[in-house]
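Below you'll find the structure, written out as structure tokens, and then a few comments.
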Amino acid sequence: MKVVIVGGVAGGASAAARLRRLDEQAEIVLFERSGYVSYANCGLPYYIGGVIEAPEALTLQTPESFLSRFRVDMRVRHEVTAIHPARKAVSVKNLETGETFEEPYDKLILSPGAKPTHPRLPGVGLEKLFTLRTVEDTFRIKDYINAHHPSSAVLAGGGFIGLELAENLRELGMEVTIVQRPRQLMNPFDPDMAAFIHSETRRHGVKLALGRTVAGFAERDGGVDVLLEDAPALHADMVVLAIGVTPDTALARDAGLELGVKGSIVVNDRMETSDPHIYAVGDAVQVKHSVTGQNVLLSLAGPANKQGRIAADNICGGDSRYLGSQGSSVIKVFDLTAAVTGVNETNARKAGLDVDTVVLSPMSHAGYYPGGKLMTMKVVFEKGTYRLLGAQIVGYEGVDKRIDVLATAIHAGLSAAELKDLDLAYAPPYSSAKDPVNMAGFMVENLSQGVVKQFHLEDVPTLPRDGSVTLLDVRTLGEYLRGHIDGFRNLPVDALREQISEVERGKPVYVICQSGLRSYIACRILAGYGYDVYNFSGGFRFYDAVVNDRRMMETSTLCGMDEGT
């Protein structure tokens, strides 16, 4: 059996290694048009910033090491230019010599990945305009920085690459501005959770020009003007396009394979394309979202590696299945860690799901043990069924392990209330006896049993201020004086029982505290006296962060750009 693989990196290289482990006699040929067959794509921004010092550290495997260990014929700087399904062959061009030839196959695996999205705008080809996707791209940016010592950069795009690159360029002392059309960074997060990411980037001096549309680029004064619609141009010494990626599927299209979302390759759960002899994996394929069931594109290394393994299993006679993508991911944002899994509230509603959320602000470990830090968790679930749909966490320590627990719970089909039952490891330096994941489960269980009712941030502006409802802030007086929501009167929780007569009966009572815990206790006290009560989800800390972020956004719209801090 002869297997030809088009493209290396995560999917193709994983498929090649798995094929050899399953079939010692198979002939395996991999064509990669770049000079690197297997590299740490996610580490590229950190090489630019000097966190990763040695360029060879980016290379996970070389053609030589693959040949030595796996007897795989890895041919870099070879571009597959056409697929001929009828005669089961591919046309190949050697980019070093210009030679062209055909290579036959019994089975073909496509792992072409995705390419940086290039908008059709004036000035896209300028010398000081870069993209970051390959090792060659990385070296090009690094060499430019070393040679010209730019003092400023504009990054078009605020996703994973844009944020990681922003951090690394700031560490090099450069002024950095992120500009993009959406009004938030990191679209996998809901806008309210993205507020914490915005705050952290501003705190480290990154300027944000969100909700701005790039209209083109022009050279000026030795640098580049980023032209914006309805706003002044942004000037910088260099510009990096990080506005997303597009599936690189021209080969599949020309070969007549079925295409799906945004031109991606349609595959079944065995990673088979519409041609039974051709498989496809990685960033170029359409997958099912395991929560919503919708067809999506998710460019992540973990799924690509799994898909490569599955394709290899099935080529070798197995029956492996890809169960869908959940979108679990984590990112370092300066001192902050932000992580997400499943579907956020925004996309769940777009998918037609009837959802609710709980927001909590637990400590990373036991409060009495030194060094604990707050995190903000948002858990999304379906009303009625309490099916766990997704989660987002922003914080410092312990974020990654909590998101992995929640990702596992979603995969296992646990309800949001069943999070309370998970038996999670506890020691004071690492967690609390009631782990934050358990706490989320307790909160959902309380909602499901009618122990508490809640209201959300979007409900606050519509709450009557005419006396028909009672609005209570149960924090201490000092906390209240440092900031509160208009219309909420202060009545500290520890004085509530003694002053219960001050809370007028017969009216709904809406209660807030700093994190949601004291207000929950106040709600239980009030409910015990017969009041109809609602607890604010997330507390004043959450409310203040989101409202301040919106205020910054409005100011930037009026003044031209968010100047950071």
Practice item. Sorted by first residue and then second, give each salt bridge (Lys or Arg N to Asp or Glu O under 4.0 Å) pair with at least one member in residues 151-170; sequence neighbours left out. Key: E167-K332
Revision key, fill the gap. Distance col, row L165:CG vs I48:CD1, nearest 0.5 angstrom, shows 5.0 Å
Point to revise | Side chain K401, main chain Y430, donor-acceptor under 3.5 Å | key: yes
Exercise for review: Please collect all salt bridge (Lys or Arg N to Asp or Glu O under 4.0 Å) contacts where either partner lies in residues 279-303, sequence neighbours excluded, each pair once.
Suggested key: R133-D283
Check your understanding: Shortest non-hydrogen contact from I161 to A242?
Key -> CG2-CB, 4.2 Å
Exercise for review: Go through I278 and Y105 one step at a time and tell me if the side-chain contact (heavy atoms from CB on, under 4.5 Å) criterion holds.
Suggested key: CA-CA 10 Å; I278 302 177; Y105 63 81; 3.8 Å; yes
Check your understanding: Given side chains that start at C-beta, do those of M375 and E397 come closer than 4.5 Å, heavy atoms only?
Key -> no
Point to revise | Contact summary for V4 and V90, nearest pair of heavy atoms | key: CG1-CG2, 4.2 Å
Exercise for review: Inspect the surroundings of NZ in K2 and state if more than 12 heavy atoms from other residues, nucleotides or ligands are less than 6.0 Å away.
Suggested key: yes
Check your understanding: With a 3.5 Å cut-off and no angle check, do the side chains of S91 and H84 form a donor-acceptor pair?
Key -> yes
**Study point:** Residue pair A407 / T341: nearest heavy atoms and the distance that separates them
**Key:** CB-OG1, 3.4 Å
Exercise for review: With Q180 as reference, evaluate T213, L155, L185, I243 under the side chain to side chain contact (heavy atoms under 4.5 Å, CB included) test and give the passing residue.
Suggested key: L185
Exercise for review: Starting from the C-alpha separation in whole Å, work towards a yes-or-no answer on side-chain contact (heavy atoms from CB on, under 4.5 Å) for T81 and V92.
Suggested key: CA-CA 6 Å; T81 58; V92 186; over 6 Å; no
Exercise for review: State, yes or no, whether a side-chain contact exists between P303 and Y322 at a heavy-atom distance under 4.5 Å.
Suggested key: yes
Check your understanding: So, N314 and S320: side-chain donor and acceptor under 3.5 Å apart, yes or no?
Key -> no
Check your understanding: When you measure from the side chain of E345 to the backbone N and O of V380, does any donor-acceptor pair fall under 3.5 Å?
Key -> no
Point to revise | V214 vs L121 side-chain heavy atoms within contact, under 4.5 Å | key: yes
Check your understanding: Do L234 and V239 touch side chain to side chain, with heavy atoms closer than 4.5 Å?
Key -> no
Check your understanding: Under the side-chain contact (heavy atoms from CB on, under 4.5 Å) criterion, do I331 and V333 qualify, and how do the steps go?
Key -> CA-CA 6 Å; I331 184 173; V333 186; 4.0 Å; yes
Review point. Is Q184 reaching over with its side chain to a backbone N or O of M186, donor-acceptor style, under 3.5 angstrom?
Key: yes
Review point. Do any N or O atoms from the side chain of S111 and from the backbone of G12 form a donor-acceptor pair under 3.5 angstrom?
Key: yes
Revision key, fill the gap. When rounded to the nearest 0.5 Å, the distance separating CZ of R203 from CZ of F334 is 9.5 Å
Point to revise | Flag side-chain contact, heavy atom, 4.5 Å: L108 against I83 | key: yes
**Study point:** All pairs passing side chain to side chain donor-acceptor pair (under 3.5 Å) where residues 6-30 contributes a residue, at least two apart
**Key:** S14-N305, R18-D313
**Study point:** Side-chain touch V296/Q286, heavy atoms, less than 4.5 angstrom
**Key:** no
Practice item. Flag the pair F139 / Y47 as yes when their ring centroid distance falls below 6.0 Å, and as no otherwise. Key: yes
**Study point:** S199 side chain to A195 backbone, donor-acceptor under 3.5 Å
**Key:** no
Review point. Is there a side-chain contact (heavy atoms from CB on, under 4.5 Å) between H148 and D237 once you walk through the steps?
Key: CA-CA 9 Å; H148 301 281; D237 295 330; over 6 Å; no
Review point. Does a side-chain N-to-carboxylate-O contact under 4.0 Å join R220 and D225?
Key: yes
Check your understanding: Roughly how far, to the nearest 0.5 Å, is CD1 of I393 from CZ of R402?
Key -> 8.0 Å
Revision key, fill the gap. Closest heavy-atom pair, G395 versus L336, reported as atoms and distance to 0.1 Å, is O-CD1, 3.3 Å
Practice item. Any chance you could measure L406, atom CG, to L389, atom CG, to the nearest 0.5 Å? Key: 12.0 Å
Check your understanding: In Å and rounded to the nearest 0.5 Å, what is the CD to CG distance from Q392 to N344?
Key -> 5.0 Å
Exercise for review: Among I28, L19, I5, find the one that has a side chain to side chain contact (heavy atoms under 4.5 Å, CB included) with V72.
Suggested key: I28
Point to revise | E102 with R87: basic N within carboxylate O range, under 4.0 Å | key: yes
Check your understanding: Distance-only, no hydrogens or angles: does the H78 side chain make a donor-acceptor pair with backbone N or O of V76 under 3.5 Å?
Key -> yes
Review point. Under a 4.0 Å N-O cut-off, is there an ion pair linking E103 with R75?
Key: yes
Practice item. Evaluate whether atom CG of D143 has more than 12 neighbouring non-hydrogen atoms of other residues, nucleotides or ligands under 6.0 angstrom away. Key: yes
Review point. Which of these, V340, T346, V343, sits in a side chain to side chain contact (heavy atoms under 4.5 Å, CB included) with P188?
Key: V340
**Study point:** Pairwise side-chain contact, V245 with K115, heavy-atom cut-off 4.5 Å (strictly under)
**Key:** no
**Study point:** Reported OG1-to-CZ distance for the pair T131 and R140, which is rounded to 0.5 angstrom
**Key:** 6.5 Å
Check your understanding: Is there a side-chain contact between V135 and D137 (heavy atoms, below 4.5 Å)?
Key -> no
Study note, to complete from the structure: So salt bridge (Lys or Arg N to Asp or Glu O under 4.0 Å) across residues 259-280, not counting sequence neighbours, yields D269-R321, R270-E272, R270-D319
Exercise for review: Please report the closest heavy-atom contact between G327 and L300, naming both atoms and the distance.
Suggested key: CA-CD1, 4.0 Å
Review point. When R77 is tested against each of E32, E99, E96, E136 for salt bridge (Lys or Arg N to Asp or Glu O under 4.0 Å), which residue passes?
Key: E96
Practice item. Output all residues satisfying side chain to side chain contact (heavy atoms under 4.5 Å, CB included) with A304, sequence neighbours left out; order by chain, then residue number. Key: A10
Exercise for review: Would you verify whether the NZ or CZ of K373 falls within 45 degrees of the ring axis of Y396 while also being under 6.0 Å from that six-membered ring's centre?
Suggested key: yes
Practice item. Could you list the residues that satisfy salt bridge (Lys or Arg N to Asp or Glu O under 4.0 Å) with D400, not counting sequence neighbours? Key: none
Check your understanding: Taking all non-hydrogen atoms of both residues, which atom of S329 and which atom of F160 are closest, and how far apart?
Key -> OG-CZ, 3.3 Å
